[in-house]
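Below you'll find the structure, written out as structure tokens, and then a few comments.
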Amino acid sequence: MKKVFASSRLPGDALSRLAEHCELDTWESDSPVPPAVLRDRLQACEGLLCLLTNRIDADLVAACTRLRFVSSMSVGVDHVDLDALTRRGIPLGNTPGVLVDTTADLTLALMLAAARRIPEADRFVREGRWDPAAPWHPNMFVGRDLAGATLGIVGLGAIGQAVARRAAGFGMHLLGWNRSPREVRGVQVLAFNELLAESDFLSVNVALTPDTRNLLGRDAIARMKPGAVLVNTARGGIVDEQALAEALVAGRLFAAGVDVFGREPVEPDNPLLGLSNVVLAPHIGSASQRTRERMAALAVDNLVAALNGDPMPQCVNPEVYGSL
Ligand code: GLV
């Protein structure tokens with residue numbers, strides 16, 4: 001029987017289903033498996049089920065000579081050296097589709113929370129700063145409306161399109177930009193710099209690749225419309241956090257909602273941590289019970305297919321299957 005290493009326990013019955021098809025070795029701790037242990041445990045394995053917290057780099061791929069297939073319980077695969085796998089003919093599975101609505105929901109939640117200053121207002125009430133001498137005032141916690149505002153969507157893939165559908169319901173005008181030309185009904189596609197200049201809200205929904213790393217760098221942030229709100233539920237490396245923090249401190253941008261960071265967990269000196277006009281979350285875009293169960297199920301479907309000698313239903317590098 002082939003052997004698979006799962007770098008985490010998974011929600012639902014996904015792992016018990018997987019165990020019917022292979023000899024399963026599971027990392028039982030909630031802390032990520034240390035790289036050296038991962039390498040060691042993989043020596044005996046044909047398959048790997050990993051999370052986005054596991055770095056699957058070229059050295060690891062080279063060291064794990066038995067490895068034949070990898071499945072990541074994530075849509076993003078920037079933690080994996082895809083070329084190294086492809087060169088060895090190893091398919092990489094991921095979990096697109098099932099997390100689209102949940103991630104788009106979080107994007108809108110962060111847009112609303114940042115625009116309407118909800119965490120700031122929450123702290124104000126909890127900390128007893130709601131003064132009986134000033135119970136309500138026309139200028140108290142004023143924010144920005146979504147209705148009538150222009151939303152620029154960076155990346156018109158499935159999540160970007162789901163954000164567009166939701167934002168249309170809020171009465172927003174929709175602009176978009178995509179790396180490759182793409183038409184989306186109701187979304188006016190613009191050149192990147194035009195999108196930056198026109199958008200009252202900017203939502204980052206593009207995958208992290210060498211092309212998109214630092215896409216929202218210092219120059220791009222400087223081109224954003226004054227008073228705009230930036231929301232990132234994609235990947236940290238896409239947005240320059242220092243430049244974003246400076247724009248927020250200077251009041252050039254109104255607010256930001258950030259679910260993903262260049263370094264996760266954030267380091268205590270992350271410049272965004274001290275800013276009251278930033279809403280922060282710890283990479284929870286896909287974090288609903290139903291979606292996490294679906295992601296686990298799809299990650300296991302990919303492995304079961306590979307164990308049976310079939311192509312993975314969701315494969316990032318299907319070229320490894322040749323003319324199959
Ligand atoms: C989450 O960030 C994912 O890539 O699934």
Side-chain angles (χ1 to χ4, degrees), residues 6-12 14-15 30-33 48-57 70-82 85 91-111 153-163 178-179 203-216 230-239 241 256-266 270 272 279-303 312-317:
S7 72
S8 174
R9 292 181 301 244
L10 298 185
L15 283 191
D30 284 339
S31 301
V33 54
L48 167 64
L49 195 159
C50 65
L51 303 180
L52 52 79
T53 44
N54 307 125
R55 186 137 296 284
I56 313 301
D57 59 20
V70 176
S71 172
S72 181
M73 187 185 135
S74 62
V75 64
V77 291
D78 47 287
H79 54 298
V80 180
D81 189 328
L82 184 60
L85 290 184
L92 171 65
N94 70 338
T95 61
V98 292
L99 46 60
V100 166
D101 285 322
T102 306
T103 307
D105 284 352
L106 185 80
T107 304
L108 266 290
L110 289 178
M111 279 170 58
I153 303 173
V154 178
L156 293 170
I159 296 173
Q161 293 181 36
V163 169
N178 202 60
R179 275 175 299 169
S203 175
V204 182
N205 298 109
V206 78
L208 176 61
T209 66
D211 289 344
T212 63
R213 184 169 287 285
N214 211 33
L215 182 65
L216 270 295
L230 176 80
V231 172
N232 185 7
T233 53
R235 279 293 184 276
I238 300 167
V239 176
E241 288 166 9
V258 185
D259 181 47
V260 285
F261 301 85
R263 268 175 180 274
E264 294 178 1
V266 284
N270 185 296
L272 297 172
V279 185
L280 302 168
H283 202 144
I284 58 169
S286 63
S288 76
Q289 185 72 35
R290 185 182 70 156
T291 289
R292 288 283 162 83
E293 283 179 15
R294 287 177 168 179
M295 290 170 73
L298 184 47
V300 164
D301 289 346
N302 282 332
L303 285 172
M312 292 180 172
Q314 292 295 343
C315 185
V316 183
N317 54 347

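Each ligand, and each atom within it, is numbered from 1 in the order the structure gives.
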Problem - ligand 1 atoms in contact with Met295 (distance to a heavy atom under 4.0 Å) - result: 5 (O)

Exercise for the section: For side chain to side chain donor-acceptor pair (under 3.5 Å), just list the numbers for Arg292 and Thr102, CA-CA rounded to whole Å, side-chain angles, deciding distance to a tenth of an Å, and then say yes or no. Expected result: CA-CA 10 Å; Arg292 288 283 162 83; Thr102 306; over 6 Å; no

Handout entry: His283 N/O under 3.5 Å from ligand 1 N/O
Key = yes

Handout entry: Arg235, any N or O under 3.5 Å of ligand 1 N or O
Key = yes

Handout entry: Element-labelled atoms of ligand 1 that are located less than 4.0 Å from some non-hydrogen atom of Leu52
Key = 1 (C), 2 (O), 3 (C)

Exercise for the section: Between Val260 and ligand 1, find which residue part has any heavy-atom pair under 4.0 Å and reply side chain, backbone, both or neither. Expected result: neither

Completion exercise
Residues passing the salt bridge (Lys or Arg N to Asp or Glu O under 4.0 Å) test with Asp211, sequence neighbours excluded, are none

Exercise for the section: Select the closest option to atom 3 (C) of ligand 1 among Val98, Val77, Val75, judged by heavy-atom distance. Expected result: Val75

Practice task
Work out whether the distance between some heavy atom of Met73 and some atom of ligand 1 is less than 4.0 Å.
Solution key: no

Problem - Ser71 (side chain) donor-acceptor with Ala299 (main chain) under 3.5 angstrom - result: yes

Problem - Atom indices of ligand 1, in the order listed, that fall short of 4.0 Å to a heavy atom of Leu99 - result: 5 (O)

Problem - Where ligand 1 meets Gly76 - atom numbers and elements under 4.0 angstrom, heavy-atom basis - result: 3 (C), 4 (O)

Exercise for the section: Could you tell me whether a side-chain N or O of Asn178 sits under 3.5 Å from a main-chain N or O of Leu156, the two making a donor and an acceptor? Expected result: yes

Practice task
Kindly indicate, with the supporting measurements, whether the criterion salt bridge (charged side-chain N to carboxylate O under 4.0 Å, His left out) is fulfilled by Asp81 and Arg55.
Solution key: CA-CA 8 Å; Asp81 189 328; Arg55 186 137 296 284; over 6 Å; no

Problem - Region of Thr103 engaging ligand 1 - heavy atom pairs below 4.0 Å - result: neither

Practice task
Report yes or no: does Ser74 contribute a side-chain atom to a donor-acceptor pair with the main-chain N or O of Leu51 at less than 3.5 Å?
Solution key: no

Practice task
Report yes or no: does Glu264 contribute a side-chain atom to a donor-acceptor pair with the main-chain N or O of Phe261 at less than 3.5 Å?
Solution key: yes

